[in-house]
Amino acid sequence: MEGAGEFVLPGQTVVELGDTEIKIGKGLKLDDDDSKVVSTQPGILMHDGGYFHLSYPQKKYTARLEDPVIGIVTQRVSDNGWTLDICAHQEAYLDALSFDGATGRTKPRLEVGDVVHCRVSQAHSWKQPVVVCTGSTPEYRKDWVSGWGIFGELKDGYVFEVSIQLATRLIGQATILETIGKKWPYEVAVGINGRVWVRAETAQRTILVMNAIKFADNHNNVEFMKNLELLANEQSKQQKAEQKKEKEQQEMSTD
């Protein structure tokens with residue numbers, strides 16, 4: 001079974017050669033003295049038994065059935081639905097009734113530019129993908145009006161793009177998101193199409209969370225943790241400075 005390792009950078013040692021025989025593929029090479037395997041470009045280290053290779057960042061998303069994606073409304077299609085940019089070769093179609101609890105009278109009113117978290121319900125290479133905002137199983141189906149559903153419109157917050165490889169890691173392994181959450185509470189939605197939506201208590205914290213996630217796109221876990229601590233320390237210092245300034249202003253106003 002093939003497994004995925006950490007994100008590696010050019011020149012980074014990925015395998016120390018010993019008595020075990022291995023094979024290497026794209027993105028890897030032997031060093032000058034044939035003692036270790038190093039990477040030749042950024043990528044995710046993949047291994048299948050004794051075969052190692054890199055998975056390169058994918059530029060365009062290919063829609064697949066049941067994929068969670070984040071789309072941006074590009075056009076309204078009469079009163080029945082909208083087209084969404086999902087970073088694929090074709091825009092996707094979202095029907096106005098493809099929301100849990102939606103009816104002809106009570107259905108969402110999306111506008112061009114709105115951000116939507118949805119899942120792919122139809123994916124064929126020869127026609128337009130179709131996405132829905134309904135839960136895939138009964139326990140995940142919440143009336144769209146309640147705002148408690150997993151899928152639906154993402155309001156406020158900030159949307160940014162990452163590599164499809166990082167998006168896959170964020171969905172499959174929540175370690176990065178959970179680690180950031182220990183520093184600052186926030187809400188997040190990840191689309192496997194390479195889009196991430198975050199919303200924190202303040203705009204400043206939202207930007208901090210965004211920067212922390214984006215940093216993980218091109219750095220390994222050790223570098224990610226160092227950067228996270230640096231961001232947290234800088235934010236703490238800034239917060240203390242603002243509190244000190246506010247206290248001084250209050251003291252001046254009482255004199």
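Because the structure is a prediction, the values reported are computed rather than measured.
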Measure the [atom1]-[atom2] distance between [X] and [Y] for me, rounded to the nearest 0.5 Å.
{"X": "L177", "Y": "I171", "atom1": "CG", "atom2": "CD1", "value": "9.5 Å"}
{"X": "L94", "Y": "F99", "atom1": "CG", "atom2": "CZ", "value": "4.5 Å"}
{"X": "N193", "Y": "D67", "atom1": "CG", "atom2": "CG", "value": "8.5 Å"}
{"X": "F215", "Y": "K226", "atom1": "CZ", "atom2": "NZ", "value": "10.0 Å"}
{"X": "D217", "Y": "F160", "atom1": "CG", "atom2": "CZ", "value": "9.5 Å"}
{"X": "I176", "Y": "N221", "atom1": "CD1", "atom2": "CG", "value": "6.5 Å"}

Within a strict 4.5 Å, meaning less than it, do heavy atoms of the [X] and [Y] side chains meet?
{"X": "L45", "Y": "L28", "value": "yes"}
{"X": "V37", "Y": "L30", "value": "yes"}
{"X": "E229", "Y": "K183", "value": "yes"}
{"X": "W184", "Y": "E201", "value": "no"}
{"X": "K29", "Y": "V38", "value": "yes"}
{"X": "V73", "Y": "E111", "value": "no"}
{"X": "R205", "Y": "P185", "value": "yes"}
{"X": "Y158", "Y": "I207", "value": "no"}

What closest approach, in Å, do [X] and [Y] show between heavy atoms, and which atom pair accounts for it?
{"X": "R199", "Y": "K155", "value": "NH1-O, 3.1 Å"}
{"X": "V190", "Y": "A167", "value": "CG1-O, 3.8 Å"}
{"X": "N80", "Y": "Y93", "value": "O-OH, 3.4 Å"}
{"X": "Q128", "Y": "E91", "value": "CG-O, 2.9 Å"}
{"X": "Q90", "Y": "S125", "value": "OE1-O, 4.4 Å"}
{"X": "T13", "Y": "E16", "value": "CG2-OE2, 3.8 Å"}

Would you confirm whether [X], through its side chain, and [Y], through its main-chain N or O, come within 3.5 Å as a donor-acceptor pair?
{"X": "R169", "Y": "T175", "result": "no"}
{"X": "S98", "Y": "C133", "result": "no"}
{"X": "W82", "Y": "I72", "result": "no"}
{"X": "R195", "Y": "I70", "result": "yes"}
{"X": "D95", "Y": "L97", "result": "yes"}
{"X": "H117", "Y": "P68", "result": "no"}
{"X": "T206", "Y": "G157", "result": "no"}

Please tell me whether [X] and [Y] are part of a single hydrophobic cluster in this structure, the criterion being side-chain heavy atoms less than 4.5 Å apart.
{"X": "Y186", "Y": "V162", "answer": "yes"}
{"X": "L154", "Y": "F151", "answer": "no"}
{"X": "I164", "Y": "V69", "answer": "yes"}
{"X": "V188", "Y": "M210", "answer": "yes"}
{"X": "W197", "Y": "V132", "answer": "no"}

R119 with E66: basic N within carboxylate O range, under 4.0 Å
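Result for this pair is yes, salt bridge flagged.
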Can D85 and T74 be counted as having a side-chain donor-acceptor contact under 3.5 angstrom?
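No, T74 and D85 have no side-chain donor paired with an acceptor closer than 3.5 Å.
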Show, in sequence, the C-alpha distance, side-chain angles and deciding distance for V196 and L170, and conclude whether the side chain to side chain contact (heavy atoms under 4.5 Å, CB included) test is met.
CA-CA 10 Å; V196 180; L170 294 176; 4.2 Å; yes
